[in-house]
Amino acid sequence: MIDSNIDRDRQDIDRSGGYGGAWASVYDRVFEHGGALEAEALGSLVAPASRIVELGAGTGRVAIPLARAGHTVRAVEVSSAMVDRLRDNLGAEDASTRARTTVVDADMRDHSETSGSADLVACVLGSISCLPDPADREGVVRRASSWLAPGGHLVVEAYDRATAVGRFGIEPLPVVTERPDGARLTSTYRLDTAADTWSVAHRWEEPRSVTQFDERVAFVEPDELAAWAEDAGLERVALLGDWYGTPYEAGENPLWVAVLRRPA
Ligand SMILES: C[S@@+](CC[C@H](N)C(=O)[O-])C[C@H]1O[C@@H](n2cnc3c(N)ncnc32)[C@H](O)[C@@H]1O
């Protein structure tokens, strides 16, 4: 029993770039501000009651507010620990939000949807950065593009390499965030320029507990991603530095947001 739990955790971490039981246990506390801003920005791209797919949906931080707003959401997630949290979070929602949300326990690298079946595909907060192989990132973008109906959008949020290099350099750098409620997150970033990745060791401390977990982040360039999507018939309509609509400038923000559209 204990071994199978360890195996499950190891499999989760390997497949997802770090999102095993430890990360899942504190994820909603770490992102306690939730995903309302992202959900509102994504919702503004689509008509009421649209069909949305989120790749790497985590605990439903963004997927659940989108379903609450009336959209039909397919939430694709590979880590079984994150899927368990997502199902728990959904359990607290009203019956119609639950009915509009499908949890798809799958790896985005081989997951498929019907061509033309989605009005929006979202892959946010660096979920694409969890894929270490560039060929997988390209494959996901190309396949997700093909699911879009005419006029549909693909929105990808990924870590900015220029910010990582410029602000964090190559020495391990601990960044400490103190919370008003006494919790503290210490994240130690290690940039590996040869592998073109960041590895981040997190330590989450609450008054009575300490939780440690790691994640690996691979970089993708906004133009590289746009080229894959454009090759699949999309056009880039915006490249932003945040969810407030600030235009992207390399090295200014930790993440960028690309909005691409299949012409109507
Ligand atoms: C930083 S979290 C973002 C979660 C969610 N999008 C949000 O905004 O809160 C990245 C998520 O992507 C998931 N993930 C990583 N690799 C994946 C894959 N190959 N297929 C599906 N999900 C994956 C992780 O397990 C994790 O839940």
Side-chain angles (χ1 to χ4, degrees), residues 8-43 52-68 73-90 101-113 120-141 143-144 147 154-160 185 187 189 197-200 202 204 213-220 242-243 254-258:
R8 186 183 107 132
D9 200 47
R10 196 169 294 142
Q11 193 175 58
D12 277 354
I13 288 169
D14 285 350
R15 284 178 175 163
S16 70
Y19 289 84
W23 226 143
S25 70
V26 297
Y27 190 86
D28 290 331
R29 286 276 290 125
V30 172
F31 295 105
E32 65 184 352
H33 52 279
L37 175 66
E38 291 88 337
E40 200 183 315
L42 292 168
I52 297 177
V53 178
E54 190 189 354
L55 297 174
T59 62
R61 191 181 69 93
V62 175
I64 291 176
L66 284 167
R68 253 187 234 139
V73 179
R74 291 173 59 73
V76 179
E77 174 54 52
V78 76
S79 157
S80 47
M82 295 295 269
V83 164
D84 286 349
R85 292 281 158 170
L86 172 51
R87 290 194 205 280
D88 285 351
N89 288 344
L90 261 180
T101 311
T102 304
V103 178
V104 184
D105 194 342
D107 190 322
M108 69 171 104
R109 287 171 286 197
D110 46 41
H111 176 69
S112 237
E113 298 279 337
L120 169 70
V121 179
C123 189
V124 301
L125 197 58
S127 296
I128 197 157
S129 310
C130 297
L131 308 181
D133 185 341
D136 286 331
R137 299 195 288 273
E138 176 174 353
V140 165
V141 169
R143 264 178 301 108
W147 306 336
L154 170 67
V155 179
V156 178
E157 182 184 24
Y159 285 93
D160 189 41
L185 178 67
S187 302
Y189 295 84
T197 57
W198 240 359
S199 62
V200 192
H202 298 286
W204 174 257
F213 42 94
D214 298 326
E215 72 186 303
R216 294 186 302 275
V217 171
F219 296 108
V220 54
D242 58 33
W243 290 96
L255 295 125
W256 47 261
V257 181

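Note that ligands are numbered from 1 as they come in the structure, with each ligand's atoms numbered from 1 the same way. Only this structure's heavy atoms are used, side chains among them; waters, hydrogens and symmetry mates stay out. The structure presented is a predicted model; accordingly, all values stated were derived computationally and were not measured.
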Is it the side chain (CB and beyond), the backbone, both or neither of S16 that lies under 4.0 Å from ligand 1, heavy atoms counted? both
Heavy-atom distances under 4.0 Å are what count here, so tell me which part of L131 touches ligand 1: side chain, backbone, both or neither. side chain
For [X], is at least one N or O under 3.5 Å away from an N or O on ligand 1?
X: A57; answer: no
X: V124; answer: yes
X: D107; answer: yes

Can you tell me the protein heavy atom closest to [atom] and the distance?
atom: atom 20 (N) of ligand 1; answer: M108 N, 2.8 Å
atom: atom 17 (C) of ligand 1; answer: V78 CG1, 3.4 Å
atom: atom 8 (O) of ligand 1; answer: R61 NH2, 2.9 Å
atom: atom 3 (C) of ligand 1; answer: Y27 OH, 3.3 Å
atom: atom 11 (C) of ligand 1; answer: S127 OG, 3.6 Å
atom: atom 27 (O) of ligand 1; answer: E77 OE1, 2.7 Å
atom: atom 5 (C) of ligand 1; answer: G56 O, 3.3 Å

Given 3.5 Å as the limit, does a donor-acceptor pair link the side chain of [X] with the main chain of [Y], or not?
X: R216; Y: V200; result: no
X: E157; Y: V257; result: no
X: R61; Y: H33; result: no
X: D136; Y: R109; result: no
X: R143; Y: H111; result: yes
X: T59; Y: D28; result: no
X: R85; Y: V26; result: no
X: N89; Y: G60; result: no

Considering the heavy atoms of [X], write down every atom of ligand 1 situated less than 4.0 Å from one of them.
X: E54; answer: 5 (C), 6 (N)
X: S79; answer: 25 (O)
X: G58; answer: 4 (C), 27 (O)

Non-hydrogen atoms of [X] versus ligand 1: any pair closer than 4.0 Å?
X: H111; answer: no
X: F31; answer: no
X: A106; answer: yes

So which of I52, L120, V121 actually passes side-chain contact (heavy atoms from CB on, under 4.5 Å) with V155? L120
Could you go through V104 and V53, starting from their C-alpha distance and side-chain angles, then the distance that decides it, and tell me whether this counts as side chain to side chain contact (heavy atoms under 4.5 Å, CB included)? CA-CA 10 Å; V104 184; V53 178; over 6 Å; no
